[in-house]
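One structure is given below, encoded as C-alpha cells.
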Amino acid sequence: MSEETLNLTLKVWRQEGPNAKGRFETYQLSDISTHMSFLEMMDVLNEQLIAKGEVPVEIESDCREGICGTCGCMINGRAHGPEKATATCQLHMRSFSDGDTIVVEPFLASSFPIIKDLAVDRAPLDRIIEAGGYISISTGSAPDANLIPVPKDTADAAFDGAACIGCGACVAACPNSAGQLFTSAKIQHLNLLPQGQAERWARTESMVETMEDYFGSCTNHGECHEACPKEIPLDFIAYTNRDYMKSKRKNRKLQGQA
Amino acid sequence: MIGSFDSKVPDGPMAEKWTNHKFNMKLVNPANKRKFEVIVVGTGLAGASAAATMGELGYKVKAFTYSDTPRRAHSIAAQGGINAAKNYQNDGDSVHRLFYDTVKGGDYRSREANVHRLAEVSVNIIDQCVAQGVPFAREYAGQLDNRSFGGAQVSRTFYARGQTGQQLLIGAYSALMRQVSKGSVELHTRTEMLDLIVEDGVARGIVTRDLVTGDVRSHTAHAVVLATGGYGNVYYLSTNAMMCNVTAGWRAHRQGALFANPCYTQIHPTCIPASDEFQSKLTLMSESLRNDGRIWVPRSHDETRMAKDIPDDERYYYLEEKYPAFGNLVPRDVASRNAKTVVDQGMGVGPLKNGVFLDFADAIARDGEQTVREKYGNLFDMYERITGENPYERPMRIYPATHYTMGGLWVDYELQSNVPGLFVVGEANFSDHGANRLGASALMQGLADGYFVLPYTIGNYLAPLLGQGKLSEDDPICQAAVQGVADQTKKWLSVGGTQSVDYYHRELGKLVWDYIGMERDKAGLEKAMTEIPALREEFEKNVRVLGDGQSLNSSLEKVGRVADFFELAELKARDALEREESCGGHFRSESQTPEGEALRNDEDFAHVAAWEWGGDPGSAIKHKEELTFEEVALTQRSYK
Amino acid sequence: MAQTMPRPGPNPVRKRPKQLPFPLNVYQSAVGRKWVMAVSGLVLLGFVVTHMIGNLHLYEGPLEVREYAETLRDLGVHVIPRTWMLWGIRILLIAAFVVHVHSAYSLAAMSRKANPSSSLDSNKRYASSQDYAAANYASRTMRWTGPIVLLYLFFHLADLTWGWLSDDWTRGDPYNNVVISMGNIGVAIIYIVANVALALHIYHGAWSMFQSLGVNNPKINNYRRHIAGGLAGLILIGNLSFPIAVQAGLIDQDNCEAPCGITAELEHEGEEAAQ
C-alpha cells in the first residue's frame, strides 16, 4: 500500500450564522495522507485553525461510516464529492491528487437554511416523515411476525427505499431543490409492503403535499440518484407519482365523496 | 444519601416474575396519563421507542436529541442483527435458552431477573418491528430468515442486510414521528442535556442547551428517562459515532445516580486498524467475517514480503493453534486479546504494524470468489473504500476496537436509578449484559427497554404522584441549575489555553486504551489513576475553545463531553483496579488460568459495583449489589 | 439567563392552497401538474410526429401536399361538417399547449422559490459551478428550449399558416409557400435551430414523461431512454430534412414535371371548366 501525501488548496464556505453574509476562505494544507478520510482532512484543517487562534470550520458528522446521514457538503460541485455511492465521511483523500484545489460548500436549498459554515438545517425532511412516514401500529398490538408472508422480492424492493439515510444530498444536488428522491424512497418503503397498504393512499397524498410545501418540483434530471450514497433508484419517483395520482381518486372514494 | 438501592426483583419463579410484576404494578388511569409529563433524553432505539410508546399511552412526552433529527443516533450503525427467542427455525431455541445464553455470555455478572425479562419480550420486539415495516431478510416463501450469530448454537438472529440497526431505528423513529405529529411528543432537536435537576433527592427535570442558539434553560417533568447510549468514546478511538458521550449519564451521576461497573467494555475484534494519528474513529466490520476468514500474522518480526508470498510454515495462525476446537470463532474478548498479544510482540502487519491478517485466500480457493462475494461483498467493498486495498487479492488487516460498554447507570428491576424519578434505558444503563454482551443483543435490549419494559414500570412510579404538579421552571432550584450550566459554558470559553479539545481527548484515549484496555493489571491501573487526573488538570487549564456560546460551536460541545470523560476514566480505572478478577470484557492479567484464560472470582466479585459520586472524581464511594443465580449454574468458560 | 431565543428554522416555501374539488385538485400539486404536463406533452408529441410524417408529402410533390391538406380538412366529413374535426384537433392542441406552458411556468416558479440562489432558468447555482453527473444538456435546458419552441411556433404559424411574413404567400398552396420561405437561407437557419431545440426538448420530455406518468415496468425501464432518444432523433432528421432539402434544391418548383402547386391546380380546374 503506497503512502502518499498531498498538498492541497481548500476553498471553504464560511458563514457565521443564518443571516450573516458568507464568503469563501482559502486555506493551504500540506502533507495530507491519502489514507485520510475527507473529514479527517477537515479535522487537520481545524486543528491548524485552532492553533492559529481562528474559529474552526463547522462541518457536521457523526457515525463516519456512511449510515447516519449527518455529514454532507458540496465538494467540487458534487454532493458528497466525486465518488459514487459514497457519503462525505466515506470519501478518502486518495480520490484527490497533489496540488488540487478543493471547493467545499454547504448543501443549498431554501428550506435548508445555513446554520453556520457548512452546517445546514434539514428539518423539513422530518416534517415529511411526520406527515405519514410510518405505519400506525401502537406498541403491543402487533400480530405474530410471520403471520403475513412478504415475498422476498417485495421485501428487497422495500429495503431499497428503506436504505435512505436522510442526508439531503438529493435535495442539494437537484437543480430544482426537489425532495422527490427522499420522499419517494420513504413512501415506497412502506407502500410496497403488505403492512403499509391500509394507509397507502393517505400517506402518499400527505407526504407528497408536505414535500411540496418545502421543496421544488422534480424535472427528472436524475442528479439525486447520482448523489445518493445509497443509490436509491429513480424508479421510486415514478412509483410515487403514480401512487399520488391514484391517491387523489382513492381518497375521494374513501371519504365517500361523489 | 443514595436513595433507594434495592434491585426490587420480584419474588416468585423466574419465568413468572415479569408477568406477576406487571399485574402487581400500580396503573395510571388512561384519562390521568395526560396529567403526567415525562422527559426522554436521547432518541436512539431505546429513547425513540420509549418516547413513542409513552406518547401512545397518553403521557405528555418531551424528547431531546443533540442530533438534527432523531434518526441519527448511533443505534443506526449496528450491522449484525437482533436476537429473539422466536424459534422460527425449530432448532430448539426458547426464552429459557436465550436467557441462559445471555447470562452465560455476560460471564455471570448480570441480574438474572432482568435478563429473563429481556428474553421474554424479545419475541414481541420482532412482531412490533415487522408490523412497523422493518424490512427484515426473508426467505423466498416470504417467511422471516434467521442466522446464527456470534457463536450461538441456534439461529435466532433477525437481520436486515448489514443495516439492521438502521432499519430498527427507522422503525422506532417513524413511531416517534407519528406521535410528534399527533402532538403527544414534543421533539427538541439539536438540544443537549447538561444537567439533571434534583429536588429533595427526586429527579424533577433537566437543564438543556440549545446547540444552535446557545440558549440554556430548564425543562421539568414528573419523570426523566435517560436513553443516552454508551461511553465507548472515552477511548477516543472507538466504533462509536463522533458525538457519542457520557455527559447526560455523568451529570446525573454527579447529582446522585450510581454508576455501575464502568470497567466493563466490549472490545470488538474485527475493526479496521487506524491508518495514522489523525484517525478520528474506527470502523467495525461484521464479525461474521470470522466464519470464513483465517486470522494470522507472519512469524518473523520484520517481515517485508507481501502476504501471499509468505509460505504457510512462516505464518502464525495463532487462534487455530491455541484453540483448536473453536479456532477463529472464539468469543470476541478472546479473539481481541490474542490480537493484542501478537501485535505487542511485534508481529503486527500493515504500515504501522498495528493489525493482524484476516485472510480469505483459502475460502476463495475452496468456494470460489463468487460465493465469497455473495456472502461478504458489501463488507469487502466497505473495506476497500476505507483502506484502498482489495481484500479479494490481499488479506484484510483487522484490529480490535472499543465497541460497546456494558457498564452504565445503576437501575433496579423497573429500570429506575437510585434517584427516584430518574429512569435509564438501553446502553446507558448497566443491567442486562453483565460483563460482556452477546452479539445481536444490544438492539434487543434497547428496544425491549423502550417498547415493553419502561412504559409499564414508569406507571408504577407515576401512579402515586397523581395530583402533584411538576417543579416550576422559575423555581430557584431550576434557576440555580441553569446558572450553573451557563457559568460552566462561559468558563470553557474563557480558559484561553493552547491545545484543542481533540488533542486532550486523543491523549486521554491513549491512556485509557493502554491502561484500561483489553488487558489490565494493577500497576497500569494505578498509573492510570495518577496520570488521568494530571492530564485532566492540564486540560482544564490549557484547553482552547474558540468561537462563542451563541451559535453552533462543536468545540464548545466537545469540551464539556471530554471533561466528563476525564472524570469517568478515573472511575473506570478505579473500578477496574478493585475488581481483582477477570470476567467478560474485563481481563486482569493477575487473574487467569494456567492456559491464559479469564479466571473469575465468584467468591468475592459476584456483585455489581455501583459507584456514588463523592464530590470529586477521585473520591467515589462503592456500593455492592450482590448477584445471586437461581437458574443458571456458574461455570468457568473454556474454548480449548 | 433563561431567556428564550427564537430558533430560526426552515419555513415552507409556499402556502398550501385550499383543496379544490376533484379533479381540479390534481392541478394544485406539483406532481399533478407534472402529470398534466406529461399528458399534454404526449398530445403535442403526437402532433409533432404526425406533422413531420405528413410533411414528407413534400417529397412527393405539390399536388400530393395539397391533397394531404385537403384530407385533413375532410377528416370526419361523413359524420360532421367539413373542417370541424380539424378544428376540434386544433382546439385540443391549443389547450394542450396552454396547460403545458402554464404548468412548466408555474413549476419553474416553484423551483425558483425552493432555490436560495437561482439563475434565469430557475436552476440552482452553487458558488463553484455544479459538476453534473446525470443531468444532461437537454434536461438542463428544458426551460430554454421550451420558450424557443414557443417562439418558433408563432413564427412558423405566421410564416406558413397566416402568411404574415411574405407577400408571396398564397393560401392553399403549402408546397410553394414552403419552397419560398425556406428558400431564404435566414429562414432555413431559423428552422434548423428551432428544430434542434425541439428535438432536445423532446429527448428529455419523452423520458421525463415516463417518470411523471409513473409508467414503470421492468420490461421497458431499460428502454425508456432509448425510446426517448429514438423519437427525438427521428423527429430531428425528418424536420431538418425539409429546410435542408429546400436549400439543396431537392424540393423546388423546378423539380416538378408538371406545373406546380396552386397554378397547376387552377390550370386543372380551368381544364375541367373548359370541358
Side-chain angles (χ1 to χ4, degrees), chain A residues 1 3 16-17 33 35-36 39-40 43-44 47 50 53-56 58 61-65 67-70 86 90 92 94 115-116 119 121-123 125-126 129-131 133-140 142-146 149-152 155 158-159 162-163 166 189-190 193 195-196, chain B residues 52-53 56 67-69 71-72 74 76-77 86 88 124 126-128 130-133 135 138-144 160-161 163 166-167 170 174-175 177-178 180-181 189 212 241-243 275-276 278-281 283 351 385-386 388-389 451-452 455 500 502 544 546-547 551-552 554-555:
Chain A
M1 135 176 142
E3 173 76 25
E16 276 157 26
S33 155
H35 298 311
M36 250 182 219
L39 291 176
E40 282 161 4
D43 290 344
V44 171
E47 287 284 310
I50 293 170
E54 291 176 37
V55 177
E58 287 297 335
S61 75
D62 198 19
C63 78
R64 294 203 178 184
E65 46 190 272
I67 194 76
C68 77
T70 306
T86 303
Q90 295 260 282
H92 280 68
R94 67 181 76 90
I115 294 173
K116 193 175 182 181
D121 191 340
R122 290 163 291 188
L125 303 182
D126 279 346
I129 300 298
E130 263 173 58
Y134 45 77
I135 291 172
S136 296
I137 178 89
S138 291
T139 305
D144 185 84
N146 254 347
V150 180
K152 187 172 186 309
F159 200 114
H189 159 211
L190 301 175
L193 290 170
Q195 302 94 302
Chain B
T53 306
E56 286 162 13
S67 297
D68 63 328
T69 150
R71 59 172 298 160
R72 309 269 188 236
H74 201 56
I76 210 165
K86 277 285 195 188
Y88 281 156
N124 304 112
I126 302 303
D127 297 342
Q128 181 66 27
V130 166
Q132 283 171 344
R138 300 267 171 179
E139 287 163 359
Y140 278 97
Q143 309 298 314
L144 289 159
R161 295 190 193 160
Q163 307 164 11
Q166 185 205 20
Q167 293 309 319
I170 288 174
S174 67
M177 294 315 273
R178 175 172 159 242
V180 171
S181 74
T189 57
V212 177
M242 301 302 287
M243 294 202 279
S275 62
D276 56 44
F278 293 106
Q279 185 88 25
S280 55
K281 74 151 283 172
T283 302
R385 198 174 299 140
I386 292 170
E389 296 175 3
Y451 282 132
F452 296 108
S500 70
D502 281 344
R544 171 181 278 187
L546 299 166
S551 65
L552 193 65
S554 45
S555 307

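Throughout, a chain's letter reflects where its sequence line sits, starting with A, and its residues are numbered from 1.
Residues B/F452 and A/T139 are in side-chain contact: their nearest non-hydrogen atoms beyond the backbone lie under 4.5 Å apart. Counting heavy atoms from C-beta on, the side chains of A/D121 and B/D68 never come closer than 4.5 Å.
Both the backbone and the side chain of A/R64 have a heavy atom closer than 4.5 Å to some heavy atom of chain B. Within the 4.5 angstrom heavy-atom criterion, atoms from both the backbone and the side chain of B/Q132 approach chain A. With a threshold of 4.5 angstrom between heavy atoms, B/I170 approaches chain A through side-chain atoms but not through N, CA, C or O. Contact annotation for A/A131: neither backbone nor side-chain heavy atoms come within less than 4.5 Å of a heavy atom of chain B. A/P151 touches chain B through its backbone: at least one of N, CA, C or O sits under 4.5 Å from a heavy atom, while the side chain does not. With a threshold of 4.5 angstrom between heavy atoms, B/E139 approaches chain A through N, CA, C or O but not through any side-chain atom. Heavy atoms closer than 4.5 Å to chain B are found in both the backbone and the side chain of A/A155. Both the backbone and the side chain of A/Q90 come within less than 4.5 Å of a heavy atom of chain B. At a 4.5 Å heavy-atom cutoff, the contact between A/D43 and chain B is made by side-chain atoms alone.
When all heavy atoms of B/L552 and A/A119 are compared, the pair lying nearest together is CD2-CB, 3.5 Å. Looking at every heavy atom in both residues, A/G53 comes nearest to B/L546 through C-CD1, 3.7 Å. Counting all heavy atoms, side chain and backbone alike, A/P149 lies closest to B/Q143 at CB-NE2, 3.7 Å. Of all the heavy atoms in B/A131 and A/I135, the pair that sits closest is O-CG2, 3.3 Å. Of all heavy-atom pairs spanning A/L193 and B/G133, the tightest one is CD1-O, 3.4 Å. Shown here for A/H189 and B/P135, the closest heavy-atom pair between the two residues is NE2-CD, 3.8 Å.
Residue with the most contacts toward chain A among B/M243, B/K86, B/H74: B/M243 (heavy-atom pairs, distance under 4.5 Å). Of the residues considered (A/E54, A/E40, A/E65, A/E47), A/E40 shows the highest number of contacts with chain B, using heavy-atom pairs under 4.5 Å. Looking only at heavy-atom pairs under 4.5 Å with chain A, the residue among B/S551, B/S554, B/S555 that has the most is B/S554. Contact count versus chain A (heavy atoms, under 4.5 Å) is highest, among B/T53, B/T189, B/I386, for B/I386. For the set B/A141, B/S280, B/A160, B/A77, the entry with the most heavy-atom pairs within less than 4.5 Å of chain A is B/S280. Taking chain A as the reference chain and counting heavy-atom pairs below 4.5 Å, the highest number among B/M177, B/R161, B/R544, B/Q166 is found for B/R161. Annotation: maximal heavy-atom pairing with chain B below 4.5 Å, among A/P143, A/P56, A/A158, A/G133, occurs at A/P143. Across B/R72, B/K281, B/R385, B/M242, the residue that shares the most heavy-atom pairs under 4.5 angstrom with chain A is B/R72. Per-residue heavy-atom pair counts under 4.5 Å with chain B were compared for A/R94, A/M36, A/R122, A/K116, and the maximum is reached by A/R94.
Under the rule for a salt bridge (charged side-chain N to carboxylate O under 4.0 Å, His left out), the partners of B/E56 that lie at least two apart in sequence or sit in another chain are B/R178. When the salt bridge (charged side-chain N to carboxylate O under 4.0 Å, His left out) test is applied to A/E58, no partner is found at least two apart in sequence or on another chain.
Remark: B/R71 does not engage A/D126 in a salt bridge, criterion side-chain N to carboxylate O under 4.0 Å.
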- request: Decide side chain to side chain contact (heavy atoms under 4.5 Å, CB included) for A/Q195 and B/V130; before the verdict, give the C-alpha distance in whole Å, the side-chain angles of both, and the deciding distance to 0.1 Å.
  value: CA-CA 8 Å; A/Q195 302 94 302; B/V130 166; 3.7 Å; yes
- request: Verify side chain to side chain contact (heavy atoms under 4.5 Å, CB included) between B/Y88 and A/D144, making sure each step is shown before the conclusion.
  value: CA-CA 11 Å; B/Y88 281 156; A/D144 185 84; 2.7 Å; yes
- request: Apply the test side chain to side chain contact (heavy atoms under 4.5 Å, CB included) to residues B/R138 and A/N146: give CA-CA distance (whole Å), side-chain angles for both, the deciding distance (0.1 Å), then the verdict.
  value: CA-CA 10 Å; B/R138 300 267 171 179; A/N146 254 347; 4.3 Å; yes
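Within a 6.0 Å sphere centred on CD of A/E16, heavy atoms belonging to other residues, nucleotides or ligands number 12 at most.
Rounded to the nearest 0.5 angstrom, B/S181 OG and A/I129 CD1 are separated by 11.0 Å. For the atom pair CD1 of A/I137 and CG of B/D127, the computed distance is 9.5 Å after rounding to the nearest 0.5 Å. Rounding to the nearest 0.5 Å places OH of B/Y140 at 4.5 Å from NZ of A/K152. Once rounded to the nearest 0.5 Å, the distance linking CD of B/Q163 with CD1 of A/I67 reads 4.5 Å.
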